[in-house]
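Report on the structure given below.
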Amino acid sequence: MTAIPLKKIDDYRWELPIGYVPGMRVPGRVYADEQLLADIMKDESLKQVANAATLPGIIGASLAMPDIHYGYGLPIGGVLATDVSDGIISPGATGYDINCGVRLIRTNLTRQDLPLETLKTLVAALFAKIPTGVGSHGKIKLSAAESRKVLTEGAAWAVKKGYGQDADLEHSEAGGCLEGADSELVSDRAHERGAGQLGTLGSGNHFLEIQYVDEIYNSDAAKVLGLAENQITVMIHTGSRGLGHQICTDYLGMMGQALTKYKIELPDRQLACAPFKSKEGQQYLAAMRAAANFAWANRQCLMYWAFEVFLMTLNISPKALGFNLIYDLAHNIVKIEKHQVEGKTRELVVHRKGATRAFPSGHDEVPAAYKSIGQPVLIPGDMGRCSYVLMGTQAALEETFGSTCHGAGRVLSRHQAIKQAKGRSIYRELEDKGIIIKTAGRETLAEEMPEAYKDVSQVVEVVHQAGISGKVARLRPLGVIKG
DNA sequence: ATGTCC
């Protein structure tokens with residue numbers, strides 16, 4: 001095996017020099033400590049970081065967050081920015097689950113309000129109400145006309161239908177809707193797959209979790225977000241389901257042909273792309289935005305049903321419950337953003353694939369309520385350990401196009417995890433730690449067991465120490481439903 | 001992630 005020529009910049013930054021892969025236009029830059037780096041070097045993800053550095057119009061560096069692992073084309077945990085004038089846009093660098101993302105909800109409850117029996121009842125009720133599992137269908141069956149509205153209006157569609165309130169939209173990245181979505185550029189098959197899946201959780205690492213605030217690192221920021229120790233929160237992690245997956249598949253096909261048409265040479269066809277300004281590039285952008293809007297509507301519906309379950313199960317008033325959205329963000333998406341590049345403002349095509357936007361205080365796109373502290377960054381961990389709330393920083397804006405990590409990142413493949421879980425009861429192991437789980441299938445529980453993931457605390461420590469986000473609070477799981 | 005192989 002050839003050694004990877006990584007150059008240490010400091011304890012948390014590593015450079016992958018131009019030349020590691022032929023045709024690199026910029027270096028790669030990896031955010032990691034030595035221990036995480038050892039895991040990262042076990043798979044081919046650094047090669048994928050280098051491959052992305054060959055893409056036309058790439059700006060700065062091909063970036064990798066500490067939770068990177070091997071993915072389709074670009075690693076999960078990769079950030080790729082290109083210039084709108086001469087750069088490309090790539091579905092493989094965005095990911096199959098378009099606008100996979102996280103939503104965090106605060107409540108007025110504390111841990112004491114949820115003794116074990118109440119918690120069990122709540123988890124069972126959530127599992128009964130919210131469809132989970134691969135291919136699951138929800139209670140909303142969208143007509144063709146309604147489907148088009150969802151794809152252009154996003155979370156606002158759900159709020160208009162009564163699933164939530166206007167304040168939810170203000171507390172969401174992009175207000176829960178990207179302008180410029182075009183439902184006409186979404187295939188019939190994608191529409192069909194999405195029609196029955198609005199308000200469903202899905203499978204894999206997607207979850208709905210009841211948590212409590214276990215530790216506060218920044219009390220001023222926590223106060224602005226409405227978080228205090230022992231408070232109950234709810235986190236929802238899901239995306240655009242079969243609809244986004246189908247859109248990615250459809251456009252990967254189109255981009256494969258675009259490579260020939262636009263004479264783009266790549267080290268890996270999984271990075272298939274088209275010039276941003278080309279017809280193909282613009283069509284993918286508009287379809288990708290439609291999928292992103294579906295995902296925002298999806299998380300909005302799920303939040304509303306969770307709200308109903310809490311009200312019914314605990315038999316309290318909405319006011320007493322105080323079920324308010326703190327923030328909702330995308331961690332698989334392409335955004336057109338203005339950034340400073342060598343002292344000049346340039347418009348960039350920012351691909352974040354398993355990476356979270358982390359804009360600083362004062363930034364235009366941070367909700368008014370959080371302007372003083374910066375954009376909330378939500379980092380889901382595995383179901384046995386913890387999740388984090390961070391905030392965006394100026395350093396992130398300057399170094400990583402305003403980006404940070406997105407989660408723990410797998411260390412065991414699904415297959416390896418199933419093998420290691422043989423003969424064990426993961427359910428019991430978690431219950432012994434006070435965590436109540438309900439999943440559609442035993443296999444998901446094994447695939448998603450805590451040891452299948454890196455320690456999210458270590459990942460978060462890297463981005464905190466590197467300064468590309470700041471720790472605000474740690475959340476511990478109490479009850480989880482999964483697909 | 002994903003009607004985990006149209």
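Below, read A as the first sequence line, B as the second, and so on, with proteins coming before strands; counting in each chain starts at 1. Source: prediction; values computed, not measured.
For the pair L243(A) CG and dT2(B) P, the computed distance is 12 Å after rounding to whole Å. Computed from coordinates, the L252(A) CG to dT2(B) P distance equals 16 Å when rounded to whole Å. The separation between H245(A) atom NE2 and dC6(B) atom P is 9 Å, rounded to whole Å. R410(A) places its CZ atom 13 Å from the C1' atom of dT4(B), with the value rounded to the nearest Å. Counting to the nearest Å, the P atom of dC5(B) and the OH atom of Y96(A) are 11 Å from each other. A straight line from CD of Q246(A) to P of dC5(B) spans 14 Å, rounded to a whole angstrom. The OH-C1' distance, from Y251(A) to dT2(B), rounds to 19 Å in whole Å. Atoms NZ (K482(A)) and P (dT2(B)) sit 11 Å apart, rounded to a whole Å.
Atom CZ in F207(A) sits 14.0 Å away from atom OG1 in T132(A) (nearest 0.5 Å).
Counting any heavy atom pair closer than 4.0 Å across all strands shown, T249(A) reaches no nucleic acid atom. Contacts of G204(A) with the nucleic acid, taken as non-hydrogen atoms under 4.0 Å apart, involve only primed sugar atoms and P, OP1 or OP2. Residue-level contact check: E192(A) touches neither bases nor backbone, having no heavy atom under 4.0 Å from any strand.
Checked against the 6.0 Å centroid criterion, the rings of W14(A) and Y31(A) do not qualify as a close aromatic pair.
Counted by atom type alone, S147(A) and H191(A) present one or more donor-acceptor pairs between their side chains at under 3.5 Å.
Between R241(A) and dT2(B) there is a side-chain N or O to OP1 or OP2 distance below 4.0 Å.
Between the T94(A) side chain and the S90(A) main chain, a donor and an acceptor come within less than 3.5 Å of each other.
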